[in-house]
Peer 1: 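Dropping a structure here in structure tokens format, bear with me for questions.
All chains are named by letter (A, B, ...) in the order of the sequence lines, taking the proteins before the strands, and each is independently numbered beginning at 1. Just the heavy atoms: all of them, side chains too, but no hydrogens, waters or symmetry mates, feed the values below.
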There are 2 protein chains.
Amino acid sequence: MKVSAVLCGSDRSEPHRGPMTEMQKTDDHSFRSHCSIARTLELVGDKWTLLVVRDLLWHGKHTFQALQGSAERIPTNMLAERLRRLMSWGLVRREPYQDRPVRYGYYLTEAGWALEPVLLQVMQWGHRHLDGDWYDPEKSGRNGDSEWD
Amino acid sequence: MKVSAVLCGSDRSEPHRGPMTEMQKTDDHSFRSHCSIARTLELVGDKWTLLVVRDLLWHGKHTFQALQGSAERIPTNMLAERLRRLMSWGLVRREPYQDRPVRYGYYLTEAGWALEPVLLQVMQWGHRHLDGDWYDPEKSGRNGDSEWD
DNA sequence: GCGCTCACTTTCATATTGAAAGTTTATACA
DNA sequence: TGTATAAACTTTCAATATGAAAGTGAGCGC
């Protein structure tokens with residue numbers, strides 16, 4: 001399933017006036033080039049986004065609090081902004097896990113879990129070259145895992 | 001071959017005083033967690049680094065000017081800083097391609113080209129989900145390629 | 001009403017980014 | 001001897017992003 005540029009789409013053209021609002025930043029779905037790598041980096045090219053995907057995909061973390069709890073200590077405003085961005089790109093959807101007050105759980109879409117091979121390769125590289133931990137998705141069934149707070 | 005923390009290594013401990021110098025930023029090889037993904041993102045978690053690796057690996061670009069020329073138009077200060085960082089992590093080495101004045105070409109090390117599977121997966125995702133271009137490394141023999149300026 | 005929880009949002013100081021101009025070293029003419 | 005050109009950076013500075021911490025709001029339990 002292809003991610004569609006829901007609210008925008010054209011490549012950079014008219015420069016804007018004044019500072020960008022938070023919403024404009026979240027919803028800017030334009031690209032720097034036609035390169036697949038450059039385009040993907042527009043989405044996940046930062047220090048937090050793939051960690052959120054990792055937690056949603058492998059560590060059974062679906063609430064704001066659970067995602068916040070991960071070892072890297074993502075700031076709450078960053079987490080909120082990244083989730084908003086991932087939703088706006090169609091990689092994550094949310095659904096209420098309770099009413100009154102309504103609270104949402106976050107889940108990867110098809111496009112979201114299609115990032116698993118990327119995560120696996122990134123992990124492999126970090127394991128081999130930076131002495132990072134190994135995690136075997138097979139051995140935990142996507143339901144959270146005590147070793148990964 | 002494992003990337004060794006040439007000039008540092010220990011995880012975050014003493015907070016420093018005052019603003020960080022350019023050199024301190026380049027040489028900060030500490031990690032946020034033991035996670036291989038988090039560690040790898042510390043190195044390549046931005047919008048430019050993997051594009052530089054892409055150009056070195058697939059598009060036969062080894063001079064500052066050639067790297068600058070890519071479609072995404074990396075600013076010169078960013079390019080210089082990224083190359084410095086990649087060298088400090090041991091993913092890139094440089095060697096003179098002329099004397100007087102001495103000028104350097106940049107090349108991936110073993111650890112650097114070990115990122116190829118990551119790039120391939122990132123490309124695949126971007127091709128499938130963001131309608132990005134496909135590039136076949138096999139079909140160009142790593143010596144540059146007219147389609148990719 | 002009072003305190004507590006979860007899920008954010010706001011604030012603000014600091015850090016990073018990027019556009020553009022400047023510097024350095026050396027060759028090539030005129 | 002000047003002037004121009006070229007590659008490879010470095011510097012400057014305004015705009016943007018990050019992140020620590022405090023604040024907000026909706027509802028529950030007592």
Side-chain angles (χ1 to χ4, degrees), chain A residues 12 15-28 30 32 38 41-49 51-52 55 61-70 72-87 92 94-106, chain B residues 12 15-28 30 32 38 41-49 51-52 55 61-70 72-87 92 94-106:
Chain A
R12 298 199 190 302
H16 57 82
R17 294 267 152 245
M20 256 192 172
T21 68
E22 196 59 36
M23 258 310 155
Q24 281 175 317
K25 280 179 287 179
T26 295
D27 291 338
D28 182 6
S30 58
R32 288 176 293 175
L41 290 177
E42 213 92 27
L43 246 119
V44 302
D46 67 80
K47 295 211 191 322
W48 295 114
T49 303
L51 298 185
V52 173
D55 289 343
K61 300 185 179 181
H62 299 283
T63 63
F64 196 92
Q65 200 173 41
L67 290 163
Q68 243 195 86
S70 283
E72 295 84 10
R73 305 346 300 292
I74 183 170
T76 57
N77 53 343
M78 289 288 104
L79 177 56
E81 203 258 321
R82 291 306 191 272
L83 287 170
R84 219 180 299 130
R85 249 165 87 58
L86 285 168
M87 285 191 289
V92 164
R94 67 176 188 181
E95 49 187 62
Y97 69 85
Q98 70 164 44
D99 294 345
R100 347 210 39 260
V102 60
R103 280 173 185 161
Y104 299 95
Y106 297 90
Chain B
R12 297 202 188 300
H16 57 83
R17 296 268 150 245
M20 255 191 174
T21 69
E22 196 60 36
M23 257 310 155
Q24 281 176 317
K25 279 180 287 178
T26 295
D27 291 338
D28 182 6
S30 59
R32 289 175 292 175
L41 290 177
E42 214 92 28
L43 247 119
V44 302
D46 67 80
K47 295 213 191 322
W48 295 114
T49 303
L51 297 184
V52 174
D55 288 344
K61 300 183 179 182
H62 299 283
T63 63
F64 197 91
Q65 199 172 43
L67 290 163
Q68 242 196 88
S70 283
E72 295 83 10
R73 307 341 304 290
I74 183 171
T76 57
N77 53 343
M78 290 287 104
L79 177 56
E81 203 258 320
R82 291 306 190 270
L83 287 170
R84 219 180 298 131
R85 248 166 87 60
L86 285 167
M87 285 190 291
V92 164
R94 67 175 189 181
E95 49 188 62
Y97 69 85
Q98 71 164 42
D99 295 344
R100 346 208 39 256
V102 60
R103 280 174 186 162
Y104 299 96
Y106 298 89

Peer 1: OP1 or OP2 of D:dT18 less than 4.0 angstrom from a side-chain nitrogen or oxygen of A:Arg82, does that happen here?
Peer 2: yes
Peer 1: Enter the distance from A:Thr49:OG1 to A:Leu43:CG here, rounded to the nearest 0.5 Å.
Peer 2: 7.5 Å
Peer 1: Would you give me the side-chain donor-acceptor pairs under 3.5 Å for residues 97-104 of chain B, sequence neighbours excluded?
Peer 2:
from    : atom 1 : to       : atom 2 : distance (Å)
B:Gln98 : NE2    : B:Pro101 : O      : 2.9

Peer 1: Rounded to whole angstroms, how far apart are CE on A:Met78 and P on D:dT18?
Peer 2: 5 Å
Peer 1: Hey, what are the protein-to-nucleotides 20-27 of chain C N/O distances that come in under 3.5 Å?
Peer 2:
from   : atom 1 : to       : atom 2 : distance (Å)
C:dA26 : O3'    : B:Arg100 : O      : 3.2
C:dT27 : OP1    : B:Arg100 : NH1    : 3.3

Peer 1: Bend angle of the helix from C:dG1-D:dC30 to C:dA30-D:dT1 from five-pair axes at both ends, rounded to 10°?
Peer 2: 10°
Peer 1: Can you work out whether A:Ile74 or B:Thr63 has the more 5'-proximal nearest nucleotide on DNA chain D?
Peer 2: B:Thr63
Peer 1: Would you say C:dT17 has OP1 or OP2 under 4.0 Å from some side-chain N or O of B:Trp48?
Peer 2: no
Peer 1: Round to a whole Å and report the spacing from CD of B:Glu81 to C1' of D:dT12.
Peer 2: 16 Å
Peer 1: Could you tell me which residues satisfy salt bridge (Lys or Arg N to Asp or Glu O under 4.0 Å) with A:Asp55, sequence neighbours excluded, listed by chain and number?
Peer 2: none
Peer 1: Without decimals, in angstroms, what is the distance between A:Asp46 CG and D:dT16 C1'?
Peer 2: 14 Å
Peer 1: Run the salt bridge (Lys or Arg N to Asp or Glu O under 4.0 Å) test against B:Arg82 and tell me which residues pass, sequence neighbours left out.
Peer 2: B:Asp46
Peer 1: Looking only at non-hydrogen atoms, find the nearest pair between A:Glu42 and B:Lys47 and report the distance.
Peer 2: O-NZ, 3.6 Å
Peer 1: Looking at residues at least two apart in the chain, or sitting in another chain, which of them share a side chain to side chain contact (heavy atoms under 4.5 Å, CB included) with B:Glu72?
Peer 2: A:Arg32, A:Ser33, A:Cys35, A:Ala38, B:Trp48, B:Leu51, B:Arg54, B:Ser70
Peer 1: The criterion is side chain to side chain contact (heavy atoms under 4.5 Å, CB included); which residues satisfy it with B:Glu81, sequence neighbours excluded?
Peer 2: B:Glu22, B:Thr26, B:Arg84, B:Arg85
Peer 1: Which residues pass the side-chain hydrogen bond (donor to acceptor under 3.5 Å, both in side chains) test with B:Glu95, sequence neighbours left out?
Peer 2: B:Arg93
Peer 1: Would you say a side-chain N or O of A:Arg84 is under 4.0 Å from OP1 or OP2 of C:dT9?
Peer 2: yes
